[in-house]
Amino acid sequence: TNGLDISVAELTKITGTDVELVSAGNITVDNVSAASTANIGGTLTLDGAADVNFVTSATVTTNGLTVEADNQVDVDVAITTNAGNLSIDGDANNAANTNDNVDIAAGLTLTAGGELTLDASAGNVTGAGALTLNAADGVTINDDLTTAGILTVDADVGVGDNDGTFTIAAGTAVSSTNNSVSITADDVALTGTLSSGSASTTLTDSDGTGAGLGGTAVTDGLNVSGTELQNVTAQGFEIATAGTITVDGISAANSANLTGTTTLDATGVITFATNASTFNTLAVESDGGIAVNVDLTTDTGALALDGDVDNATAGNVTFVDGVTLASETTLTLDATSGNLTGAGALTLNAKEGITISDDLTTAGLTTINADTDQGDGAGTLTLAANVTLSTTNGALAITAEDFVLTGDSITSGTNTTTLTDSDGSSGIGLGDTAVDFHVSGAELQKITATGLTLATGGNITLDNVSAANTGNI
């Protein structure tokens, strides 16, 4: 009422480059279409000294749109720029007013043909429910953003131009209030914090150029430094790419805020390089293999490596000489169409058991401890069906609560094999009599070694061990 009203028809008649509409009061926007803004080149700027409100029907502009309100921007409908940037600032004068927020209704999508920027200097950006942010050339959050639903961001719609970074500015907190977060981007710049609380966060490499986690950046890739990772809080965290992943020097502090399982999912090779890494719980899933070139540890939960997660192409898991894998609970090694290969000595440690699901071949001393915490009744070494374990004439030392050899064979060739009862009191049963650490006659027959030692702090019971059972010793 009594305002400066511009109808859709009237807006269509305005031709100009960088057109600005200014009001000392509120600005209300309803049903602006791409056709009505087709004659406005550059950026259409809406500058309100009070509120800017998007109501009733969606807004679509042909080119860029800048929204500047001193008090508040209220978004009740979807906003799209077909080309150009979309910038929304709920506190354009950077001074404390009544509100200063950008308030976005539940279930909306904001889409930019260029870059999308949200700003509210003295206020906050809030999503009343689920919120989707899409942009061709990057999404930047300059002030605190809180949603009450799932947060979905695609900062690189269209992909392929290496220009689609998801940025959280320094001092800024983005939270989905315990709802899942999904970020697709060419890269991320997480100088602020990102939290999905008790829900999961997923970072997806938009163009498949690969991801770098920690100290080694992948050229044109989705790179997350250790410091940036430390700014993420989630229960379940995943990095996914159609390229490779390189992990370098993630510390326990860097990964401490990632409860649940951290999943690294790549079509290409996943490499642990340069400096050792520690995660709470880690699942490494690759279609193209895994290279473990440094020590790898989990300090809260399980560690699982699968070099052929699609079970389709040969995906080997390789270990450099002298590397150690250590799990706070269970350790699982898998490479369905490939193999597990150690270039020299290899140490595998876990508190709650180790499962080797595919052939493992090493070239040196192989030390396997499936029960590093001892005495809790959990800590079995399991070789899956049809699996062979060979040290290529290196010594083999196995410590476990129990021993399950459904696989084909264990061989240390011309060197020794030692089987040690981890809890030191329950003893070892060799043959037909089973105790906690039990090696049946059939299992014993699968062991090839030049010297076999069974060690326990308890008793050893032999029952019906045949010459055939010991024929490979």
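Please read all numbers here as calculations on a predicted model, not as lab measurements.
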| query | Could you walk me through whether N101 and N99 pass the side-chain hydrogen bond (donor to acceptor under 3.5 Å, both in side chains) check? | reply | CA-CA 6 Å; N101 293 334; N99 190 307; 3.0 Å; yes
| task | Start with the C-alpha gap between D144 and T172, add the side-chain angles, then the distance that decides, and say whether side-chain hydrogen bond (donor to acceptor under 3.5 Å, both in side chains) holds. | result | CA-CA 5 Å; D144 291 354; T172 296; 4.7 Å; no
Are [X] and [Y] close enough that some pair of their side-chain heavy atoms sits under 4.5 Å apart?
{"X": "F272", "Y": "L213", "answer": "no"}
{"X": "L145", "Y": "L131", "answer": "yes"}
{"X": "L305", "Y": "L325", "answer": "yes"}
{"X": "I250", "Y": "F279", "answer": "yes"}
{"X": "S196", "Y": "S180", "answer": "no"}
{"X": "E238", "Y": "L264", "answer": "no"}
{"X": "I245", "Y": "I239", "answer": "yes"}
{"X": "L229", "Y": "F237", "answer": "yes"}

| message | Using the rule given for side-chain hydrogen bond (donor to acceptor under 3.5 Å, both in side chains), can you reason through N257 versus Q230, listing the C-alpha separation, both sets of side-chain angles and the distance that settles it, and then say yes or no? | response | CA-CA 7 Å; N257 296 322; Q230 199 163 331; over 6 Å; no
Any luck finding a side-chain donor-acceptor pair between [X] and [Y] under 3.5 Å?
{"X": "S206", "Y": "D156", "answer": "yes"}
{"X": "N316", "Y": "T318", "answer": "no"}
{"X": "T336", "Y": "N311", "answer": "yes"}
{"X": "N231", "Y": "T193", "answer": "no"}
{"X": "T399", "Y": "N369", "answer": "no"}
{"X": "Q235", "Y": "S200", "answer": "no"}
{"X": "N97", "Y": "D70", "answer": "no"}
{"X": "T12", "Y": "S36", "answer": "no"}

Look only at the side chain of [X] and the backbone of [Y], and say whether a donor-acceptor pair between them is shorter than 3.5 Å.
{"X": "D119", "Y": "D89", "value": "no"}
{"X": "T191", "Y": "A170", "value": "yes"}
{"X": "D91", "Y": "A122", "value": "yes"}
{"X": "T297", "Y": "T278", "value": "no"}
{"X": "T81", "Y": "G64", "value": "no"}
{"X": "E328", "Y": "G301", "value": "no"}
{"X": "D358", "Y": "D334", "value": "no"}
{"X": "N275", "Y": "D248", "value": "no"}
{"X": "N26", "Y": "D51", "value": "yes"}
{"X": "D207", "Y": "T209", "value": "yes"}

side-chain contact (heavy atoms from CB on, under 4.5 Å) partner of [X], the single match among [options]:
{"X": "T300", "options": "T329, N280, L282", "result": "N280"}
{"X": "D187", "options": "D205, N223, T167", "result": "N223"}
{"X": "S176", "options": "T201, L194, T147", "result": "T147"}
{"X": "L65", "options": "T61, T62, N63", "result": "T61"}

Minimum heavy-atom separation for [X] and [Y], please, with both atom names.
{"X": "D18", "Y": "G42", "result": "OD1-CA, 3.3 Å"}
{"X": "N179", "Y": "A199", "result": "C-CB, 3.3 Å"}
{"X": "T244", "Y": "T241", "result": "O-CG2, 3.7 Å"}
{"X": "T341", "Y": "L360", "result": "N-CD1, 4.5 Å"}
{"X": "S286", "Y": "G268", "result": "OG-O, 2.6 Å"}
{"X": "A302", "Y": "T298", "result": "O-CG2, 3.5 Å"}

To the nearest 0.5 Å, tell me how far [X] [atom1] sits from [Y] [atom2].
{"X": "S87", "Y": "N142", "atom1": "OG", "atom2": "CG", "value": "8.5 Å"}
{"X": "S33", "Y": "L11", "atom1": "OG", "atom2": "CG", "value": "8.0 Å"}
{"X": "D47", "Y": "I27", "atom1": "CG", "atom2": "CD1", "value": "6.5 Å"}
{"X": "E285", "Y": "T263", "atom1": "CD", "atom2": "OG1", "value": "5.5 Å"}
{"X": "T204", "Y": "L222", "atom1": "OG1", "atom2": "CG", "value": "8.5 Å"}
{"X": "T355", "Y": "L381", "atom1": "OG1", "atom2": "CG", "value": "8.0 Å"}

| request: Under the side-chain contact (heavy atoms from CB on, under 4.5 Å) rule, what do T45 and E68 come out as? Steps first, then yes or no, please. | output: CA-CA 7 Å; T45 300; E68 299 175 346; 4.1 Å; yes
| field | Evaluation steps, side-chain contact (heavy atoms from CB on, under 4.5 Å), between V60 and N82 | value | CA-CA 7 Å; V60 181; N82 288 339; 3.7 Å; yes
| field | Worked check of side-chain contact (heavy atoms from CB on, under 4.5 Å) between T271 and V247 | value | CA-CA 6 Å; T271 302; V247 183; over 6 Å; no
| query | Going through the distances and angles, do F54 and L108 end up as a side-chain contact (heavy atoms from CB on, under 4.5 Å)? | reply | CA-CA 12 Å; F54 291 83; L108 292 186; over 6 Å; no
| task | Check step by step if side-chain hydrogen bond (donor to acceptor under 3.5 Å, both in side chains) holds for D402 and T380. | result | CA-CA 5 Å; D402 196 5; T380 298; 4.7 Å; no
